[in-house]
Amino acid sequence: MDTGGIASSTAPQRQEYAVSPQRETKSVYEMMRDAREQAEARREQFKLPKNARYGDAPMMAYAKLARARTPGEITAASGYARRKIVQLQSALRSDPDNKERIQAAIRQLQKAVRRAGKKQRDVQQEKLSETRRKKALEEKNRRKAARLRQELTRARALRSIRESGYIREAEMDNRTQEQLSAAKLELRNQLQELTAATAGVPMGLAAQQYAAAQAVTGAPEPAAPVPEAGLDMLA
């Protein structure tokens, strides 16, 4: 009876020892999996998916720049633009079909970096003006303080207008690139259809067929009304 009791008491212990290496192996496996996922995330940080909306990056960079108020926030906006430039330069190799759109986005981002540098200098100058204004108030020189305040308000208003123009410029450039890409794709599709339709047909006959098809399907559409001046900029 005693022997049976000893055997029954040791059996669970052996089972415990058999399970613990499995738990340790599973834990190591999970750690390796997590490390692999983190490495993949770091690689994906500098990649852009094919056919991405490349024009979004400049608009986001200018939005960050417009919201920036401190030197640190301006530096962060500039850093964002620099990272996107690196990503888009990599996309030039992986997505040559959108070369023109990518290059246009890179140019806008390079402008954003330069404009961030200018804003950094402007903010520093505004800070000096604010310091001089406060000093003039302490010296009870109210006329000088009022003049400095007007100059500071004017400088900030002009900077805000300028930064809004940056965003509109990026939006218009993105819209133009989308239209050019659509026109390029349409021409490519037409060329492919023409090539497929005229396979084995003499060149002169193919040209006549194409001209006849254009005459049938290319009837002029009624002209659209001309919008009033200024409406395009508000859209």
Side-chain angles (χ1 to χ4, degrees), residues 45-48 52-92 98-181 225-235:
Q45 183 180 2
F46 294 100
K47 289 184 181 179
L48 282 173
R53 293 176 58 87
Y54 299 113
D56 290 349
M59 289 190 289
M60 180 62 70
Y62 283 126
K64 288 178 178 291
L65 184 60
R67 290 195 301 266
R69 293 291 179 268
T70 65
E73 292 174 348
I74 298 171
T75 301
S78 178
Y80 172 85
R82 293 178 188 275
R83 289 194 300 274
K84 290 300 179 182
I85 289 172
V86 173
Q87 291 178 346
L88 290 171
Q89 288 172 341
S90 176
L92 278 174
N98 289 302
K99 178 181 177 181
E100 290 80 6
R101 294 195 67 185
I102 297 171
Q103 289 176 334
I106 290 174
R107 287 194 295 270
Q108 284 292 335
L109 288 166
Q110 289 171 340
K111 287 182 181 179
V113 172
R114 293 194 297 270
R115 288 164 173 172
K118 183 180 186 308
K119 181 170 183 176
Q120 196 78 268
R121 295 189 295 271
D122 290 344
V123 168
Q124 291 174 354
Q125 184 61 43
E126 291 168 10
K127 187 176 180 180
L128 289 174
S129 298
E130 180 65 21
T131 302
R132 292 170 56 197
R133 187 187 70 84
K134 290 180 179 179
K135 185 177 180 180
L137 284 176
E138 292 173 357
E139 296 174 350
K140 301 189 182 305
N141 191 343
R142 298 185 180 277
R143 181 176 297 179
K144 182 179 179 180
R147 178 176 57 81
L148 289 170
R149 182 177 182 178
Q150 290 178 355
E151 292 176 358
L152 189 58
T153 302
R154 181 174 177 274
R156 287 173 175 168
L158 289 175
R159 177 163 54 80
S160 178
I161 294 171
R162 188 166 60 243
E163 289 169 357
S164 299
Y166 295 160
I167 298 176
R168 287 196 299 272
E169 175 189 323
E171 289 175 346
M172 292 176 64
D173 187 63
N174 184 37
R175 195 178 307 166
T176 300
Q177 294 301 322
E178 286 180 350
Q179 292 172 353
L180 290 174
S181 295
V226 179
E228 296 182 6
L231 290 182
D232 289 343
M233 293 302 294
L234 297 178

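Quick note: residue numbers are just sequence positions, from 1. Every value quoted in this text rests on a predicted model; they were computed, and no experiment measured them.
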*Which residues pass the salt bridge (Lys or Arg N to Asp or Glu O under 4.0 Å) test with Arg107, sequence neighbours left out?*
none
*For Asp122, enumerate each residue passing the salt bridge (Lys or Arg N to Asp or Glu O under 4.0 Å) test, keeping only those at least two apart in sequence or located in another chain.*
Lys118, Arg162
*Is there any side-chain hydrogen bond (donor to acceptor under 3.5 Å, both in side chains) pair reaching into residues 148-158, and which pairs are they, with sequence neighbours excluded?*
Arg147-Glu151
*asked:* Rounded at 0.5 Å granularity, tell me how far CG in Asn174 sits from CZ in Arg101.
replied: 5.5 Å
*asked:* Ignoring hydrogens, what is the shortest heavy-atom contact between Ala116 and Ile74? Give both atom names and the distance.
replied: O-CG2, 3.5 Å
*Under the side chain to side chain contact (heavy atoms under 4.5 Å, CB included) test, which residues partner Ser160, sequence neighbours left out?*
none
*Got a sec, which residues hit side chain to side chain donor-acceptor pair (under 3.5 Å) with Gln103, two or more places apart in sequence or on another chain?*
none
*Are side-chain heavy atoms of Arg115 and Tyr62 found at a separation under 4.5 Å?*
yes
*Residue pairs, two or more places apart or on separate chains, that pass side-chain hydrogen bond (donor to acceptor under 3.5 Å, both in side chains) and touch residues 133-145*: Glu130-Arg133
*asked:* Gln124: which residues meet the side chain to side chain donor-acceptor pair (under 3.5 Å) condition with it, sequence neighbours left out?
replied: none
*asked:* Ignoring hydrogens, what is the shortest heavy-atom contact between Gln108 and Pro58? Give both atom names and the distance.
replied: CB-CB, 3.6 Å
*Verify, without hydrogens or angle tests, whether Ser90 (side chain) and Val86 (backbone) share a donor-acceptor contact under 3.5 angstrom.*
no
*For Lys64, which residues count as a salt bridge (Lys or Arg N to Asp or Glu O under 4.0 Å) partner, sequence neighbours excluded?*
none
*Quick one: are Lys119 and Leu65 in side-chain contact, heavy atoms under 4.5 Å?*
yes
*State which residues pass ring pair (Phe, Tyr, Trp, His ring centres under 6.0 Å) with Tyr80; sequence neighbours excluded, sorted by chain then number.*
none
_Glu73: partners by salt bridge (Lys or Arg N to Asp or Glu O under 4.0 Å), with sequence neighbours left out_ = none
*asked:* Could you measure the distance from the CZ atom of Arg83 to the OG atom of Ser78? Nearest 0.5 Å is fine.
replied: 9.5 Å
*Which heavy atom of Ala112 sits nearest a heavy atom of Ala61, and at what distance?*
CB-CB, 4.4 Å
_Using every non-hydrogen atom in the two residues, find where Ala170 and Met59 come nearest and quote the distance to one decimal._
CB-CG, 3.8 Å
*Who pairs with Gln110 by side chain to side chain donor-acceptor pair (under 3.5 Å), at least two apart in sequence or on another chain?*
none
*What pairs meet the ring pair (Phe, Tyr, Trp, His ring centres under 6.0 Å) rule with one or both residues in residues 102-160, with sequence neighbours excluded?*
none
*Between Glu171 and Arg175, is the closest basic N to carboxylate O distance under 4.0 Å?*
no
*State, yes or no, whether a side-chain contact exists between Asp173 and Gln177 at a heavy-atom distance under 4.5 Å.*
yes
_Flag side-chain contact, heavy atom, 4.5 Å: Glu169 against Lys111_ = yes
_Heavy-atom side-chain contact between Arg67 and Glu163 under 4.5 Å_ = no
*asked:* Using every non-hydrogen atom in the two residues, find where Val123 and Arg69 come nearest and quote the distance to one decimal.
replied: CG1-O, 4.1 Å
_Contact summary for Leu88 and Ala105, nearest pair of heavy atoms_ = CD1-CB, 3.7 Å
*Nearest 0.5 Å, what's the CG-NZ distance between Leu109 and Lys84?*
9.0 Å
*Count the heavy atoms belonging to other residues, nucleotides or ligands that lie under 6.0 Å from CZ of Arg132, then report whether that count exceeds 12.*
no
